[in-house]
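So the structure is just underneath, and the comments pick up after that.
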Protein chains: 2
Amino acid sequence: MDRPRWLNEEEKRAWNAFIAAHALLYQRLDQQLKRDVGLSHLQYMVLARLSGAPDRELRMAELADAVQNSKSGLTYQIGQLEQAGLVCRRNCQSDVRAVYARLTDEGMALLERAAPGHVAMVRELFIDALTPAQLQALADGLGEANRRMRECGGTATHEFERRK
Amino acid sequence: MDRPRWLNEEEKRAWNAFIAAHALLYQRLDQQLKRDVGLSHLQYMVLARLSGAPDRELRMAELADAVQNSKSGLTYQIGQLEQAGLVCRRNCQSDVRAVYARLTDEGMALLERAAPGHVAMVRELFIDALTPAQLQALADGLGEANRRMRECGGTATHEFERRK
DNA sequence: CGTCCGTTGTTCAAATTTGTACTCAAGTGT
DNA sequence: ACACTTGAGTACAAATTTGAACAACGGACG
């Protein structure tokens with residue numbers, strides 16, 4: 001029904017800024033974490049999530065969801081972290097299938113060593129570049145976008161291209 | 001000098017929203033592009049960039065920079081696109097080292113077929129979730145962040161963690 | 001109970017990304 | 001012309017991600 005409504009200049013500007021900002025930020029953060037403590041940003045997020053969880057442990061699936069990664073991807077990463085002694089697996093007795101990933105003391109220690117530098121960088125590159133008002137607008141707007149994406153698994157383009 | 005200044009709630013909210021939004025968006029967009037036209041989001045961006053360039057061609061390095069990818073990563077992707085007939089390479093006669101990637105007619109055709117659905121999705125998931133004011137704040141703020149990151153190759157954390 | 005359906009975490013191969021090393025030329029200064 | 005430094009694109013191996021296939025359960029229901 002609706003012929004393609006292209007983005008106008010303002011919309012394009014926002015979209016491009018968003019994409020570019022993420023790429024640039026990610027690159028810097030990842031690089032710094034690797035250099036300083038030998039963790040990828042993904043690994044850092046895993047540790048950070050665990051550190052905030054009760055008993056410092058989460059089930060694989062929850063964790064995967066929390067860091068927005070696939071199950072198999074998380075299996076791999078937890079494998080790496082486990083090998084590095086930063087995390088350990090624990091089986092649940094009430095549900096044989098369940099596996100908990102738990103942050104070890106070494107993991108916690110490393111996280112505490114990594115956090116200051118990481119946070120400083122986030123602040124420098126992201127937080128401090130935005131005014132408080134912009135920050136709030138961004139949090140509100142993207143928060144709403146996230147809400148929409150999370151709920152409806154796929155309103156989007158269900159039958160969008162059913163010609164070919 | 002400065003002891004770690006952690007993020008306050010508002011800052012955390014913004015940062016998390018930003019990270020989550022990108023992951024969510026990227027996943028959806030990538031999936032849709034693959035489903036509809038068999039392109040990854042990166043490949044789409046490559047084609048889109050080329051389509052907007054004079055003569056529909058760009059040098060490898062420029063293109064790599066434009067889509068924020070490493071040189072070797074771009075070599076790989078261009079290889080894929082070339083094999084699919086969507087792009088072709090052209091050598092420059094004035095500079096033997098230079099290689100141009102050019103969008104072929106098929107590439108252009110595919111891009112035109114892909115664009116409507118892609119744009120519709122960007123609009124639905126991103127643009128329409130934000131108010132015009134939020135959109136502008138986001139464009140301004142992130143634009144500023146990008147500017148900062150682009151100019152100084154690395155003000156950040158030069159000598160930040162030189163203890164360990 | 002036994003059956004069927006949806007979950008959970010893993011495995012495995014293929015696709016992609018990363019990072020480094022390399023090859024050739026341009027450009028510079030001598 | 002001759003080193004010398006840098007830049008462009010590629011090659012390649014190692015690391016990571018993806019996606020489908022699997023094995024093993026829980027849970028609901030007849």
Side-chain angles (χ1 to χ4, degrees), chain A residues 22-24 26-35 38-46 50 57-84 86-102 153-154, chain B residues 22-24 26-35 38-47 50 57-84 86-102 153:
Chain A
H22 183 272
L24 250 20
Y26 200 87
Q27 186 189 12
R28 300 289 186 93
L29 294 173
D30 207 53
Q31 204 172 302
Q32 190 222 18
L33 281 169
K34 265 181 200 141
R35 188 162 63 62
L39 290 174
S40 69
H41 188 224
L42 175 55
Q43 294 175 326
Y44 177 88
M45 287 202 298
V46 167
L50 288 178
E57 66 180 12
L58 282 172
R59 290 186 53 157
M60 296 296 281
E62 289 181 280
L63 189 49
D65 184 64
V67 300
Q68 325 222 71
N69 217 139
S70 65
K71 286 183 305 176
S72 63
L74 189 65
T75 293
Y76 174 78
Q77 284 299 157
I78 290 294
Q80 298 293 298
L81 292 171
E82 188 172 32
Q83 214 177 329
L86 306 174
V87 146
C88 66
R89 287 177 210 251
R90 185 176 75 73
N91 294 70
C92 179
Q93 79 290 22
S94 64
D95 187 340
V96 189
R97 296 169 306 175
V99 173
Y100 284 89
R102 169 189 297 217
Chain B
H22 183 273
L24 251 19
Y26 200 86
Q27 186 190 15
R28 299 291 186 92
L29 293 173
D30 207 52
Q31 203 171 302
Q32 190 222 17
L33 280 169
K34 265 179 199 142
R35 189 164 62 64
L39 290 174
S40 69
H41 188 223
L42 175 55
Q43 293 176 325
Y44 178 88
M45 286 203 298
V46 167
L47 298 188
L50 288 179
E57 66 180 11
L58 283 172
R59 289 186 55 157
M60 295 296 280
E62 290 181 281
L63 189 50
D65 185 64
V67 300
Q68 323 222 79
N69 218 150
S70 65
K71 285 184 305 176
S72 62
L74 188 66
T75 294
Y76 174 77
Q77 283 300 346
I78 291 295
Q80 298 294 300
L81 293 171
E82 188 172 32
Q83 214 175 331
L86 305 174
V87 147
C88 65
R89 288 178 209 251
R90 184 175 75 72
N91 294 68
C92 179
Q93 78 291 18
S94 65
D95 186 341
V96 189
R97 297 170 306 173
V99 173
Y100 284 89
R102 167 188 299 216

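A, B, ... follow the sequence lines: proteins, then strands. Residue 1 opens every chain. Here the structure is a predicted model, which means the values were calculated and not measured.
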A:Gln31/A:Arg28 under side-chain contact (heavy atoms from CB on, under 4.5 Å): CA gap, chis, key distance, verdict
CA-CA 5 Å; A:Gln31 204 172 302; A:Arg28 300 289 186 93; 5.6 Å; no
Mapping A:Val96 and A:Tyr76 onto DNA chain D by nearest heavy atom, which one lands closer to the 5' end?
A:Tyr76
Atom-pair distance (CG on A:Asp30; P on D:dT17), nearest Å:
10 Å
Which heavy atom of A:Leu39 sits nearest a heavy atom of A:Gln43, and at what distance?
CA-OE1, 3.5 Å
Using every non-hydrogen atom in the two residues, find where B:Leu81 and B:Val46 come nearest and quote the distance to one decimal.
CD1-CG1, 3.7 Å
As a test of reading the structure: which of D:dT16, C:dG9, D:dG19 is closest to the side chain of A:Ser72, going by heavy atoms?
D:dG19
Find the distance B:Arg35:CZ to D:dG19:P and express it as a whole number of Å.
13 Å
Whole-Å gap separating P (C:dA15) and CG (B:Leu39):
16 Å
A:Tyr100 has an atom OH; how far is it from atom C1' of C:dT8, in whole Å?
12 Å
Determine whether A:Leu33 and A:Ser40 satisfy the following criterion, side-chain contact (heavy atoms from CB on, under 4.5 Å), listing intermediate values before the conclusion.
CA-CA 6 Å; A:Leu33 281 169; A:Ser40 69; over 6 Å; no
Rounding to an integer number of Å, can you tell me how far B:Leu63 CG sits from D:dG9 P?
10 Å
Polar pair under 3.5 Å, donor/acceptor by atom type, side chain B:Arg97, base D:dG9
no
Start with the C-alpha gap between A:Met60 and A:Lys71, add the side-chain angles, then the distance that decides, and say whether side-chain contact (heavy atoms from CB on, under 4.5 Å) holds.
CA-CA 7 Å; A:Met60 296 296 281; A:Lys71 286 183 305 176; over 6 Å; no
If the cut-off is 4.0 Å, is B:Gln77 near the phosphate of C:dT17, judged by side-chain N/O to OP1 or OP2?
yes
The side chain of A:Met60 lies closest to which of these nucleotides: D:dC25, C:dA25, C:dG9?
C:dG9
As a test of reading the structure: which of C:dA25, C:dG9, D:dG9 is closest to the side chain of A:Lys71, going by heavy atoms?
C:dG9
Are A:Gln80 and D:dT16 close enough that a side-chain N or O sits under 4.0 Å from OP1 or OP2?
yes
With respect to the phosphate group of C:dG9, does any side-chain polar atom (N or O) of A:Asn91 fall under 4.0 Å of OP1 or OP2?
no
Check the orientation of B:His41 and B:Tyr26. Use parallel for under 30°, tilted for 30 to 60°, and perpendicular for over 60°.
perpendicular
Specify the separation, in whole Å, of atom CG of B:Leu74 and atom P of D:dA8.
13 Å
Hey, is the side chain of B:Arg59 poking within less than 4.0 Å of OP1 or OP2 on D:dA8, counting only N and O atoms?
no
Using whole Å, what does the distance between atom P of nucleotide C:dA15 and atom CD of B:Gln43 come to?
13 Å
Residue A:Ala61, side-chain heavy atoms: nucleotide from C:dG19, C:dG9, D:dC25 that is nearest:
C:dG9
Starting at CG of A:Asp65 and ending at P of C:dT8, how long is that distance when rounded to a whole Å?
10 Å
Closer to the 5' end of DNA chain C via nearest nucleotide, is it A:Asp95 or B:Gly73?
A:Asp95
Is B:Lys34 near enough to D:dG19 that one of its side-chain N or O atoms lies under 4.0 angstrom from OP1 or OP2?
yes
If only side-chain N and O atoms of A:Arg89 are considered, is one of them under 4.0 Å from the OP1 or OP2 phosphate oxygen of C:dT10?
yes
Within the 4.0 Å heavy-atom criterion, would you say A:Leu42 contacts the bases, only the backbone, or no part of the nucleic acid?
sugar-phosphate
